[in-house]
Colleague: 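Handing you a structure now.
Counting convention: from 1, in listed order, for ligands and their atoms alike. All residue numbers refer to positions in the sequence shown, counting from 1. Below, all heavy atoms of this structure are taken into account, side chains as well, without hydrogens, waters or symmetry copies.
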Amino acid sequence: MECLIPPTVLELARRARAVTVLTGAGMSAESGIPTFRDPATGLWSRFDPMSLASQDGWEADPELVWAWYAWRVGRVRSVEPNAGHHALARWAQRDDVRLHIATQNIDDLHERAGSEVLAHVHGSLLAFRCSVCQEPYQAPIEVPAEPVERLEPPVCDCGQYVRPGVVWFGEMLPQGAFDAALDACLEADLVLVVGTSGIVYPFASLPDIARGHGVPVVEINPEETNLSDHVDHIWRASAAAALPALVEALGN
Ligand code: BV8
Ligand code: ZN
């Protein structure tokens, strides 16, 4: 089905020499990764991701939290980047534009589509470290064939549990990552916000900051979000439909 491009969005994309794309879980939805607020499927439907993705949740029950992350590692390994990820990688290859991606996503689908990601502001599901001495943990992560509710985390040489390299609620973002995302928004002449509900801060403050500096912001999302009143243009479309159509329309 042809995806109609709002003319103003096409014009902004044609003229843009520096594009910053802010992505959220909706970017990976068409790869088969449920979004953060999708009602979780099966085993995990009984748990609130907000409590599992937190320091308190980890300290209260590391085996439960580890089982959840191991299951998510398995799911990311089992899916492929979608046409939206590939479109962004193609756009970045044009020599008339500099394209930066700052993502909230902890998967590696942008990279597997060939993109270089400027900032993973909430860390990476595929980087592990000791929860105490912070030593990176390089050994392969065992992913159960079937989702299990509890799994003993690997243990660091120092004897403490290994944790996923993600940013939990209540934890500071990696300072360099957020600053890089902020700079990329301020230096852009177009910011696209793709597949995020705009609930989680401080990432959700980026579109407002960009607009405050006169940078046009476009939301690409099939649904209304917390950011919809904070953008210049709204394109109610999915990532895997909108982005390939837009990059295609830019021509060679
Ligand atoms: C911080 C990694 C400073 C883990 C994530 C009280 C105490 C402490 C902090 C706070 C507090 N109250 C509020 C805060 C701030 C808090 C926050 O924002 N809370 C929210 C809930 C209000 N933020 C933090 O804690 C951050 N740190 O503030 O540090 C500090 C420190 C101490 C004390 C005070 C302050 C850290 C936040 C990072 C949390 N970690 N992820 C993990 O993933 O397990 S966030 C997690 O949720 C995801 O990574 C993702 O970033 C976020 C989900 O958001 P979205 O990506 O937007 O996904 P969502 O499902 O919501 O929406 C999907 C969208 O896609 C929808 O709009 C949908 O319509 C759309 N969509 C669907 N299909 C498609 C599509 N779009 C396009 N195409 C499609 N096909
Ligand atoms: Zn350690």
Colleague: Would you please indicate if the ring centroids of Tyr69 and Trp58 are separated by under 6.0 Å?
Modeller: no
Colleague: What is the nearest protein non-hydrogen atom to atom 2 (C) of ligand 1, stated with its residue, atom name and distance?
Modeller: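 Of every protein heavy atom, Val167 O, 3.3 Å lies nearest to atom 2 (C) of ligand 1.
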Colleague: Is the shortest distance from a heavy atom of Met27 to ligand 1 less than 4.0 Å?
Modeller: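 Contact absent.
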Colleague: Within the structure, does Trp68 bring an N/O atom to less than 3.5 angstrom of an N/O atom in ligand 1?
Modeller: no
Colleague: Do other residues, nucleotides or ligands put more than 12 heavy atoms under 6.0 Å from Asp157 CG?
Modeller: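 Not buried by this count: 12 neighbours or fewer within 6.0 Å.
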Colleague: Just to confirm, does any protein heavy atom lie below 4.0 Å from atom 13 (C) of ligand 1?
Modeller: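 It does not; no protein heavy atom is within 4.0 Å.
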Colleague: Is the closest N or O pair between Ala25 and ligand 1 shorter than 3.5 Å?
Modeller: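 The answer is yes, given that Ala25 and ligand 1 share an N or O pair closer than 3.5 Å.
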Colleague: Note the single closest protein heavy atom to atom 59 (P) of ligand 1, along with its residue, its atom name and the distance in Å.
Modeller: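 For atom 59 (P) of ligand 1, the nearest protein heavy atom comes out as Arg37 NH1, 3.4 Å.
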Colleague: Pick one of side chain, backbone, both or neither for how Thr196 approaches ligand 1, counting any non-hydrogen atom pair under 4.0 Å.
Modeller: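 The part of Thr196 near ligand 1 is both the backbone and the side chain.
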Colleague: Does the N or O separation between Gly195 and ligand 1 drop below 3.5 Å for any pair?
Modeller: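 Yes, there is a polar N/O contact under 3.5 Å.
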Colleague: State plainly whether the residues Asp232 and Arg211 are in salt-bridge range, i.e. N to O under 4.0 Å.
Modeller: yes
Colleague: Quick one: nearest non-hydrogen protein atom to atom 45 (S) of ligand 1, plus distance?
Modeller: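 Here the nearest protein heavy atom works out to His122 ND1, 3.5 Å.
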Colleague: Looking only at protein heavy atoms, which one is nearest to atom 67 (O) of ligand 1, and how far off is it?
Modeller: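 Protein heavy atom at minimum distance: Asn221 ND2, 2.9 Å.
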Colleague: Which ligand 1 atoms, with their elements, are less than 4.0 angstrom from a heavy-atom of Arg72?
Modeller: 42 (C), 43 (O), 44 (O)
Colleague: Donor-acceptor pairs under 3.5 angstrom involving side-chain atoms of residues 114-124: please list them, not counting sequence neighbours.
Modeller:
residue	atom	partner	partner atom	Å
His120	ND1	Asn105	O	2.8
His120	NE2	Glu111	OE2	2.6
Ser124	OG	Leu126	N	2.9

Colleague: Determine the minimum heavy-atom distance between Ala67 and Val148, stating which atoms define it.
Modeller: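 Scanning both residues completely, I find the closest heavy atoms to be CB-O, 3.3 Å.
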Colleague: Is there at least one protein heavy-atom neighbour under 4.0 Å from atom 75 (C) of ligand 1?
Modeller: yes
Colleague: Among protein heavy atoms, which sits nearest to atom 23 (N) of ligand 1, and what does the distance come to when rounded to 0.1 Å?
Modeller: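 Looking only at protein heavy atoms, the one closest to atom 23 (N) of ligand 1 is Tyr201 O, 2.9 Å.
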Colleague: Closest non-hydrogen protein atom to atom 78 (N) of ligand 1, residue and atom name please, with distance?
Modeller: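 Answer for atom 78 (N) of ligand 1: Ala239 N, 2.9 Å.
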Colleague: With atoms numbered from 1 as shown, which atoms in ligand 1 lie under 4.0 angstrom from a non-hydrogen atom of Met50?
Modeller: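 Counting from 1, the qualifying ligand atoms are 21 (C).
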Colleague: Taking all non-hydrogen atoms of both residues into account, name the closest pair between Ala70 and Leu151 and its distance.
Modeller: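 Closest approach of Ala70 to Leu151: CB-CD2, 3.8 Å.
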Colleague: Regarding atom 1 (C) of ligand 1: of the candidates Met172, Arg236, Glu171, which has the closest heavy atom?
Modeller: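 It is Glu171 that holds the nearest heavy atom.
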Colleague: What I want to know is whether Ser197 and ligand 1 share at least one N or O pair that is separated by under 3.5 angstrom.
Modeller: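 It does: an N or O of Ser197 is found under 3.5 Å from an N or O of ligand 1.
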Colleague: Applying salt bridge (Lys or Arg N to Asp or Glu O under 4.0 Å), run through Glu219 and Arg236 and close with a yes or a no.
Modeller: CA-CA 8 Å; Glu219 174 178 69; Arg236 286 281 168 259; 3.1 Å; yes
Colleague: For Asn226 and Ile199, work out which heavy atoms get closest and say how close.
Modeller: ND2-CG1, 3.8 Å
Colleague: For atom 4 (C) of ligand 1, decide whether some protein heavy-atom distance is shorter than 4.0 Å.
Modeller: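 Within 4.0 Å of atom 4 (C) of ligand 1, protein heavy atoms are found.
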Colleague: Using a strict cut-off of 4.0 Å, indicate which atoms of ligand 1 neighbour a heavy atom of Tyr69.
Modeller: 4 (C), 42 (C), 44 (O)
Colleague: With a cut-off of 4.0 Å, which atoms of ligand 1 are near a heavy atom of Thr225?
Modeller: 67 (O)
Colleague: Any non-hydrogen protein atom below 4.0 Å of atom 34 (C) of ligand 1?
Modeller: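 Under 4.0 Å from atom 34 (C) of ligand 1, zero protein heavy atoms found.
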Colleague: Does any N or O atom in Gln104 lie less than 3.5 angstrom from one in ligand 1, N or O only?
Modeller: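 Min N/O separation from ligand 1 is below 3.5 Å for Gln104.
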Colleague: Short list, please: which atoms of ligand 1 are under 4.0 Å from a heavy atom of Leu173?
Modeller: 26 (C), 27 (N), 36 (C)
Colleague: Taking a cutoff of less than 4.0 Å between a non-hydrogen atom of the residue and any ligand atom, is Val194 in contact with ligand 1?
Modeller: no
Colleague: Looking only at distances, can you tell me whether any N or O atom of Trp168, backbone or side chain, sits closer than 3.5 Å to an N or O atom of ligand 1?
Modeller: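 No: no nitrogen or oxygen of Trp168 is under 3.5 Å from one in ligand 1.
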Colleague: Determine, for Asp107 against Arg75, whether the closest basic-nitrogen to carboxylate-oxygen distance falls under 4.0 angstrom.
Modeller: no
Colleague: Is it true that Phe203 lies under 4.0 Å from ligand 1, counting heavy atoms only?
Modeller: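 Contact check Phe203 vs ligand 1: negative.
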Colleague: Identify the closest protein heavy atom to atom 79 (C) of ligand 1: which residue and atom is it, and at what distance?
Modeller: Gly26 O, 3.3 Å
Colleague: Nearest 0.5 Å please: distance from the CG atom of Leu250 over to the CH2 atom of Trp91.
Modeller: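 If we round to the nearest 0.5 Å, Leu250:CG and Trp91:CH2 are 5.5 Å apart.
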Colleague: Measure across Val200 and Gln104 and return the closest heavy-atom pair with its distance rounded to 0.1 Å.
Modeller: CB-OE1, 4.1 Å
Colleague: Just jot down the ligand 1 atoms closer than 4.0 angstrom to any heavy atom of Glu223, in number order.
Modeller: 69 (O)
Colleague: Protein N, O or S atoms at less than 2.8 Å from the Zn ion (ligand 2), how many?
Modeller: 4
Colleague: For Glu59, look at atom CD and say whether over 12 heavy atoms of other residues, nucleotides or ligands are found less than 6.0 Å away.
Modeller: yes
Colleague: Side chains of Leu88 and Val21: closer than 4.5 Å at any heavy-atom pair?
Modeller: yes
Colleague: Could you list the atoms of ligand 1 found under 4.0 angstrom from a heavy atom of Val200?
Modeller: 18 (O), 37 (C), 47 (O), 52 (C)
Colleague: Is it true that, when you exclude Glu152 itself, more than 12 heavy atoms of the residues, nucleotides or ligands shown sit nearer than 6.0 Å to its CD?
Modeller: yes
Colleague: Nearest heavy atom to atom 8 (C) of ligand 1 wins, so pick from Gly170, Pro49, Gly24.
Modeller: Gly170
Colleague: Going by a strict under-4.0 Å cutoff (protein heavy atoms only), does atom 42 (C) of ligand 1 have a neighbour on the protein?
Modeller: yes
Colleague: For Leu243 versus Ile220, what's the shortest heavy-atom pair and its separation?
Modeller: CD2-CD1, 4.0 Å
Colleague: May I ask you to decide if the ring planes of His110 and His85 are parallel, tilted or perpendicular, using 30° and 60° as cut-offs?
Modeller: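 The arrangement is perpendicular - the two ring planes meet at more than 60°.
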Colleague: Looking only at protein heavy atoms, which one is nearest to atom 46 (C) of ligand 1, and what is the separation?
Modeller: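 Checking every protein heavy atom, the shortest distance to atom 46 (C) of ligand 1 gives Phe36 CE1, 3.5 Å.
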